[in-house]
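The chain is numbered in sequence order, starting from 1.
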Amino acid sequence: MLLVCLISLTTARDSSREALQVTIGIGNGNLSKGCNDRHHNLPFKLNCKLPATPLANEVLKFADQRLALVHPIIQKFKSLITSDPLGITQTWVGSDICSYKGFYCDNPPDNKSAIAVASIDFNGFQLSAPSLDGFLDQLPDIALFHANSNNFSGSLSPNIAKLRYLYELDISNNRFSGPFLDAVLNMPGLTFLDIRFNFFTGSVPSQIFTQNLDALFINNNEFMIHLPDNIVNTHIFYLTLANNKFNGPLPRTIFKAFSSLAEVLLLNDQLTGCIPYEIGLLKEAVVFDAGNNQLTGHLPFSLACMENLEQLNFAGNLLFGAVPEVVCELGKLMNLSLSDNYFIHVGPMCRILIERGVLDVRNNCIPDLPFQRSIEECANFFAHPRFCPRMWSYNYIPCYHFPSSSSIPDMAHSP
């Protein structure tokens, strides 16, 4: 009987072992499945490895306290971004802000041993957000902010005037709207302002032209004002006002104030009146473009003083008379566009430029040249005479003559 009992006990133990093997999957590769199955009915507790989960209260360590202060500001802005087709914000994770795509760090001017977010370059990122408020204006050490070609909208907070180091601001080619950014008038350190290709409206304060700016790009908005005639001095080298609704005449005083300008873009506005001889004071200009306006009268001979001029465009206006030979003699001229006007004569020097493809006088009223307006169209234009005041000044070339102060033409109100 003892032998029988031992045999029975051994058989029962083997059966239990076999049953246990089937239940937990020993030898069948199902152990991990049993760990993940919340509904298993094992008679004992499995020692399964728990999956790794991020700590809810993970402590971030920053290279500098200034970075720690702007981290929540960046993360809040990240949460407001509604579209990020290039996956830019996926890099905005962790405490190493200086490695975030679009963010650049440097030593701030007030503490050369500190590290701070010094510049931001979002150019071409195609990010969309309803506003930059609470982001840009909360970055105390920012010096450069470039964000062209995105889909940011709204308007900028007046608090950007408190950004003491900001000297370059580029928000071009976005969807900003509202009035001109008056806050920039209180930013003496700003040297570069680009707000073109947006939807800003209203007037442009004349004070902006006397700021310490090197470049002012406000073209392709919906500004509507007269050009100011009370500017005495300016530091601007590049000025683009094109594709707005600037109207009225070209003020005489503006050319003396802008004598250091290298590039002037006034095309596709609503400028009227005659071109004053003072335009010749733009002796540093390389590009002058006032195409597609309603300027009329003769081209002043003083254009000959713009010796650095490479591109000159008055196409699409109401100009008439003869094209001055002295203008065609400018040595650096590469493109002279006078098409779609009512000029009646070009001299031998200008004809040489036509042959070279430098001068375009198509669609004028020059009898012996091809591609001109019809006789009826020209006759209709000249049937309504247009007069400019001080016509004698159009032959005046200030850089060629140095008369006594009594014979220098007086500055007068624009026609």
Asker: Between Asp106 and Lys112 (salt bridge meaning N to carboxylate O under 4.0 Å), is one present in this structure?
Answerer: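 Lys112 and Asp106: not salt-bridged.
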Asker: Is the closest basic N to carboxylate O distance between Asp141 and Arg66 below 4.0 Å?
Answerer: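 Between Arg66 and Asp141 there is a salt bridge, with a charged N closer than 4.0 Å to a carboxylate O.
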Asker: Kindly compute the distance separating CG (Leu136) from CD (Gln138), expressed to the nearest 0.5 Å.
Answerer: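 Atom-to-atom, Leu136:CG and Gln138:CD are 9.5 Å apart.
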Asker: Regarding Asn308 and Lys332, is there a side-chain donor-to-acceptor distance under 3.5 Å anywhere?
Answerer: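 Present: a donor and an acceptor within the cut-off.
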Asker: Is a side-chain N or O of Asn150 found less than 3.5 angstrom from the main chain of Gln126, in a donor-acceptor match?
Answerer: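 Yes, the answer is positive, given that a donor and an acceptor are paired below the 3.5 Å cut-off.
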Asker: Closer than 3.5 angstrom, by distance alone: can the side chain of Tyr342 be matched with the main-chain N or O of Arg373 as a donor-acceptor pair?
Answerer: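 Such a contact is absent between Tyr342 side chain and Arg373 backbone.
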Asker: Any side-chain donor-acceptor pair under 3.5 Å between His235 and Asp214?
Answerer: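 No, no side-chain donor-acceptor pair sits under 3.5 Å.
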Asker: So among Tyr167, Phe145, Tyr238, Phe217, which one has a ring-ring contact (aromatic ring centres under 6.0 Å, His included) with Phe192?
Answerer: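 Among the candidates, only Phe217 passes.
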Asker: What is the distance from atom CD1 of Ile344 to atom SG of Cys378, rounded to the nearest 0.5 Å?
Answerer: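 Output value for this atom pair is 9.5 Å.
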Asker: Out of Phe125, Phe122, Phe77, which residue meets the ring-ring contact (aromatic ring centres under 6.0 Å, His included) rule with Phe103?
Answerer: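 Single pass found, and it is Phe122.
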Asker: I'd like to know if the side chain of Asp133 pairs up with that of Ser157 as donor and acceptor (distance under 3.5 Å, no hydrogens or angles considered).
Answerer: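 Distance-only check fails for Asp133 and Ser157.
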Asker: Say whether Asn317 and Asn341, considering side chains only, have a donor N or O and an acceptor N or O under 3.5 Å apart.
Answerer: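 No, no side-chain donor-acceptor contact under 3.5 Å.
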Asker: Is Asn219 reaching over with its side chain to a backbone N or O of Ala242, donor-acceptor style, under 3.5 angstrom?
Answerer: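 Absent.
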Asker: Kindly give the heavy-atom pair with the smallest separation between Leu132 and Phe176, and that separation in Å.
Answerer: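 Smallest interatomic distance, heavy atoms only, reads CD1-CZ, 3.6 Å.
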Asker: Could you tell me if Asn123 and Asn148 have a donor-acceptor pair between their side chains, going purely by distance under 3.5 Å?
Answerer: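 Asn148 vs Asn123: donor-acceptor pair found between side chains.
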Asker: Is it the case that the side chain of Asn293 and the backbone of Gly291 share a donor-acceptor pair, with hydrogens and angles ignored and the cut-off at 3.5 Å?
Answerer: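 It does hold such a pair.
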Asker: What heavy-atom pair brings Asn244 and Ile218 nearest, and what distance separates the two atoms?
Answerer: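 It is ND2-O, 3.0 Å.
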Asker: Please check: side-chain N/O of Asp269 versus main-chain N/O of Leu271, any donor-acceptor pairing under 3.5 Å?
Answerer: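 Flag not set: sc Asp269 to bb Leu271 has no pair under 3.5 Å.
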Asker: May I have the step-by-step check of side-chain contact (heavy atoms from CB on, under 4.5 Å) for Leu169 and Leu190, ending in yes or no?
Answerer: CA-CA 8 Å; Leu169 177 60; Leu190 194 67; 4.1 Å; yes
Asker: Say you draw a straight line from CD of Glu377 to SG of Cys365; how long is it, rounded to the nearest 0.5 Å?
Answerer: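 So the gap between those two atoms works out to 7.0 Å.
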Asker: Do you know which two heavy atoms are closest between Cys274 and Phe387, and how far apart they sit?
Answerer: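 Of all heavy-atom pairs spanning Cys274 and Phe387, the closest is SG-O, 4.2 Å.
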Asker: Measuring from Lys283:NZ to Leu261:CG, what's the distance to the nearest 0.5 Å?
Answerer: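 The CG atom of Leu261 is 13.0 Å from NZ of Lys283, to the nearest 0.5 Å.
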Asker: Taking the six-membered ring of Phe152 (Phe, Tyr or Trp), confirm whether the NZ or CZ of Arg175 is under 6.0 Å from its centre and within 45° of its axis.
Answerer: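 Cation-pi check for Arg175 and Phe152: fails.
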Asker: Looking at every heavy atom in both Phe180 and Pro205, which two are closest together, and how far apart are they?
Answerer: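 Smallest interatomic distance, heavy atoms only, reads CD2-CD, 3.5 Å.
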Asker: Any side-chain to backbone donor/acceptor pair from Asp137 onto Gly134? Under 3.5 Å, distance only.
Answerer: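 Flag set: sc Asp137 to bb Gly134 pair under 3.5 Å.
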Asker: Looking at Phe371, I'd like to know if the NZ or CZ of Arg362 sits under 6.0 Å from its six-membered ring centre while staying within 45 degrees of the ring's axis.
Answerer: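 So Arg362 doesn't make the cation-pi contact.
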Asker: With rounding to the nearest 0.5 Å, note down the distance linking CD in Gln311 to CD in Glu263.
Answerer: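 Spacing of CD (Gln311) from CD (Glu263) equals 8.5 Å.
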Asker: Between Gln372 and Asn364 (side chain of the first, backbone of the second, donor and acceptor by atom type, cut-off under 3.5 Å), is there such a pair?
Answerer: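 Yes.
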Asker: Does a salt bridge link Asp110 with Arg164, judged by any charged N lying under 4.0 Å from a carboxylate O?
Answerer: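 Salt bridge flag = yes for Arg164 with Asp110.
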Asker: For residues Thr91 and Lys101, report the shortest heavy-atom separation together with the two atoms involved.
Answerer: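 Result for this residue pair: OG1-N, 3.0 Å.
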Asker: Do Asp360 and Ser337 get their side chains close enough for a donor-acceptor pair, meaning under 3.5 Å?
Answerer: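 Side-chain D/A pair, Asp360 to Ser337: absent.
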Asker: Of the non-hydrogen atoms in Asn174 and Ser172, which two are nearest, and what is the gap between them?
Answerer: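 Between these two residues, the closest heavy atoms are ND2-O, 3.0 Å.
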Asker: Answer yes or no: is there a donor N or O on one side and an acceptor on the other, between the side chain of Tyr277 and the main chain of Leu303, under 3.5 Å?
Answerer: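 Here the side-chain-to-backbone pair does not exist.
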Asker: Which value, rounded to the nearest 0.5 Å, describes the distance between Leu338 atom CG and Leu299 atom CG?
Answerer: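 Rounded to the nearest 0.5 Å, the CG-CG separation comes out at 6.0 Å.
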Asker: Say whether Asp340 and Asn363, considering side chains only, have a donor N or O and an acceptor N or O under 3.5 Å apart.
Answerer: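 Side-chain D/A pair, Asp340 to Asn363: present.
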